[in-house]
*Asks:* 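Before I ask anything, here is the structure I am working with.
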Amino acid sequence: MSDQERNVSFIKEKNVQKIYKLIPDSLPDEMKEALKNSVDNQAKENADLQKIEEYVFQINSDDINISYYGLNRCRKLLSNQTLPTEQLIEQILQTNIHIKIFDIAKNHSISLLRYEALWIICNFGCGTKKQIQNILDNDGINILFLALESEFDEIIELGVWALANISGDNVQFRDMLLQKGIIEPLIKLANRYKTETSEIFKTIMWAISNLARGKPTTKIYQKELIYILSDIINSIEDEELLIDACWGLSYLSEQESQINTLISYGVVDKLTLLLQSEKHLILIPALRIIGNILTGNETQTDHVLNTGVLSRFEILLQHKNKAIRREVCWSISNIAAGNAAQVKQIIRNESILKSLFKLLEQDTLEIKKEIAFFLSNSAIYADLDDLDYLVMSHQFIYKLSNLLELSDKTVIQVSLEGISEWIKRVKNDEKYQMYKKLILDSKLIEKVEQLQNHTSKVIFENAYKVYEILCQDLDNEYI
């Protein structure tokens, strides 16, 4: 089961009064009472795995009450927490009763039986890709689409839940559902049930979020998905809904062509506010969306900076969660790839610099890599005055030199690029004479020379170029 799927055990057992609604009034009174009694009794009893063949036989019965009993027992079996869901599904499938279950879900006139059959199909959606394929092979997608049109909330919820799990399993299933037009009925349902306290609305939004997630990102219905997920972020405070909406947008915002759409829906201000959350499940996707927008053009980056996001970055750089620190460092490296005025906002923020360089000394390689990009981008895009400030006040040369000692090829390559660009920009500056001693003291020349023996051809070639520049620009007395 992928992290986008949810076990059907999370579906709450409905109050028996609600289940009674699924029993048609047109049935004889005696039959209605018998079904109500069954509903009451089965709600209190657990199913027995040893009786699976008996339950299968009962499902095939022409007697509505007996068939209901078998369906309910098989559904309860699949909720057994002592065995893996996939193993339980397989035992049901091996009996071949699933063919009858799909037929009941599609054609039976008694909503109560369709409800139990749909719940079993929901469980199939929590299985392996092969087990989910059984839904597709038995007209299950059309059956679930029909469930979305039901007059009963209980049946609609099951249809949405199953479709959400199917789309969350893999991008092939996701794209198949999008191509079949799942967005339109889900949006209609979302508008009907929109309220923070509605469990069915939360299930609908989880389904919509799953349709936005996964890589590669869907190429269809992007604007529709961005609109509804942005609307949730802007208008609702429920944490569960915000988590699903933010994760969905975190994937869609990777598309550079959609950044302006995101901004036009006014979601950036709310995302910055969400950075005050104490929930990492909100913080991480909110940071990812902001970081994705910061990969855009200068105007888009300014839009984010104007929300005051840097004040939140100052705090989040010290967060105990490594993933959150990494996302912030990545966002900062993106800002450093902007114009000089944007880079200045980072370089002249003493709190951010202090935290970044503390992480550079103490944190994981993954985070050091993002800070290496920040330093390299600063070397390329910052004003010379700001670069001088980094060199003289924050040991810029020493930090790039120390990064060359790490084993990560990306860090080494990025650092070499930063060194090369910095030298090209400052070698004609009057302060370069002062920088030469710092270059020597940092052992930069020796480290670059050693990298000419690196196994990576790209690193070897770049190290050679940087070494040549250093040798040309430094006086012979220093070499």
*Asks:* Would you kindly check if the NZ (Lys) or CZ (Arg) of Lys399 is within the cone defined by 45 degrees around the ring axis of Phe357 and under 6.0 Å from the six-membered ring centre?
*Replies:* yes
*Asks:* Do Leu387 and Asp383 touch side chain to side chain, with heavy atoms closer than 4.5 Å?
*Replies:* no
*Asks:* Is the backbone N or O of Trp119 less than 3.5 Å from a side-chain atom of Asn123, with the two atoms forming a donor-acceptor pair by type?
*Replies:* yes
*Asks:* Does any donor atom in the side chain of Asp302 or Gln342 lie under 3.5 Å from an acceptor atom in the other side chain?
*Replies:* yes
*Asks:* Under a plain distance cut-off of 3.5 Å, with no hydrogens placed, do Thr261 and Gln258 share a side-chain donor-acceptor pair?
*Replies:*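 There is such a pair (donor and acceptor under 3.5 Å, judged by atom type) between the side chains of Gln258 and Thr261.
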*Asks:* Verify the distance criterion only: is there a donor paired with an acceptor across the side chains of Ser253 and Asn292 at less than 3.5 Å?
*Replies:* yes
*Asks:* Will you find, in the side chains of Tyr435 and Asp429, an N or O donor that is under 3.5 Å from an N or O acceptor?
*Replies:* no
*Asks:* Closer than 3.5 angstrom, by distance alone: can the side chain of His394 be matched with the main-chain N or O of Phe396 as a donor-acceptor pair?
*Replies:* no
*Asks:* What pair of heavy atoms forms the shortest contact from Glu370 to Trp330, and how long is it?
*Replies:* OE1-CD1, 3.4 Å
*Asks:* I'd like to know if the side chain of Gln450 pairs up with that of Glu446 as donor and acceptor (distance under 3.5 Å, no hydrogens or angles considered).
*Replies:*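 On atom types as modelled, these side chains do not qualify, holding no pair under 3.5 Å.
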*Asks:* Taking it one step at a time, do Gln300 and Asn260 satisfy side chain to side chain donor-acceptor pair (under 3.5 Å)?
*Replies:* CA-CA 7 Å; Gln300 293 163 343; Asn260 277 335; 3.0 Å; yes
*Asks:* Is it the case that atom CD in Glu256 sees more than 12 heavy atoms from other parts of the structure closer than 6.0 Å?
*Replies:* no
*Asks:* Using a distance-only test with no angle check, is there a side-chain donor-acceptor pair under 3.5 angstrom linking Asp139 and Asn142?
*Replies:* yes
*Asks:* Verify whether one side chain among His98 and Gln131 offers a donor that lies under 3.5 Å from an acceptor in the other.
*Replies:* no
*Asks:* Does the distance from a Lys or Arg side-chain N to an Asp or Glu carboxylate O, for Glu361 and Lys368, drop under 4.0 Å?
*Replies:* no
*Asks:* Any side-chain to backbone donor/acceptor pair from Ser401 onto Ile397? Under 3.5 Å, distance only.
*Replies:* no
*Asks:* Any salt bridge linking Lys436 with Asp441? Criterion: basic side-chain nitrogen under 4.0 Å from a carboxylate oxygen.
*Replies:*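 Between Asp441 and Lys436 there is no salt bridge, as every charged N stays at least 4.0 Å from the carboxylate O atoms.
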*Asks:* Do any pairs count as a ring pair (Phe, Tyr, Trp, His ring centres under 6.0 Å) and have a residue in residues 269-303, sequence neighbours left out, and if so which ones?
*Replies:* none
*Asks:* Grab the two heavy atoms, one from Arg325 and one from Leu316, that are nearest each other, plus how far apart they are.
*Replies:* CG-O, 4.0 Å
*Asks:* Salt-bridged, Asp169 to Lys129, with N to O below 4.0 Å?
*Replies:*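 No, no charged N to carboxylate O under 4.0 Å.
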*Asks:* Is the closest basic N to carboxylate O distance between Lys465 and Glu461 below 4.0 Å?
*Replies:*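 No, Lys465 and Glu461 are not salt-bridged.
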*Asks:* Check the side chains of Glu86 and Thr128 for a donor-acceptor pair under 3.5 angstrom, ignoring hydrogens and angles.
*Replies:* no
*Asks:* Can you give me the closest heavy-atom contact between Ile233 and Cys246, atom names plus distance?
*Replies:*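 The answer is CD1-SG, 3.9 Å.
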*Asks:* Looking at Arg326 and Asp363, is any side-chain nitrogen of the basic one under 4.0 Å from a carboxylate oxygen of the acidic one?
*Replies:*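 Result for this pair is no, no salt bridge flagged.
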*Asks:* Salt bridge check: are Lys270 and Glu237 linked by an N-O gap of less than 4.0 Å?
*Replies:*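 Here Lys270 pairs with Glu237 in a salt bridge, since their nearest N and O are under 4.0 Å apart.
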*Asks:* Between Arg288 (side chain) and Ser250 (backbone), is there a donor-acceptor pair under 3.5 Å?
*Replies:* no
*Asks:* Are the charged groups of Glu405 and Lys447 less than 4.0 angstrom apart, N to O?
*Replies:* yes
*Asks:* Return the minimal non-hydrogen interatomic distance between Phe145 and Lys180, and the atom names on each side.
*Replies:* CE2-O, 3.7 Å
*Asks:* More than 12 non-hydrogen atoms from neighbouring residues, nucleotides or ligands closer than 6.0 Å to NZ on Lys443, yes or no?
*Replies:* no
*Asks:* If we only count heavy atoms from C-beta on, is the Leu400 to Leu444 side-chain gap below 4.5 Å?
*Replies:* no
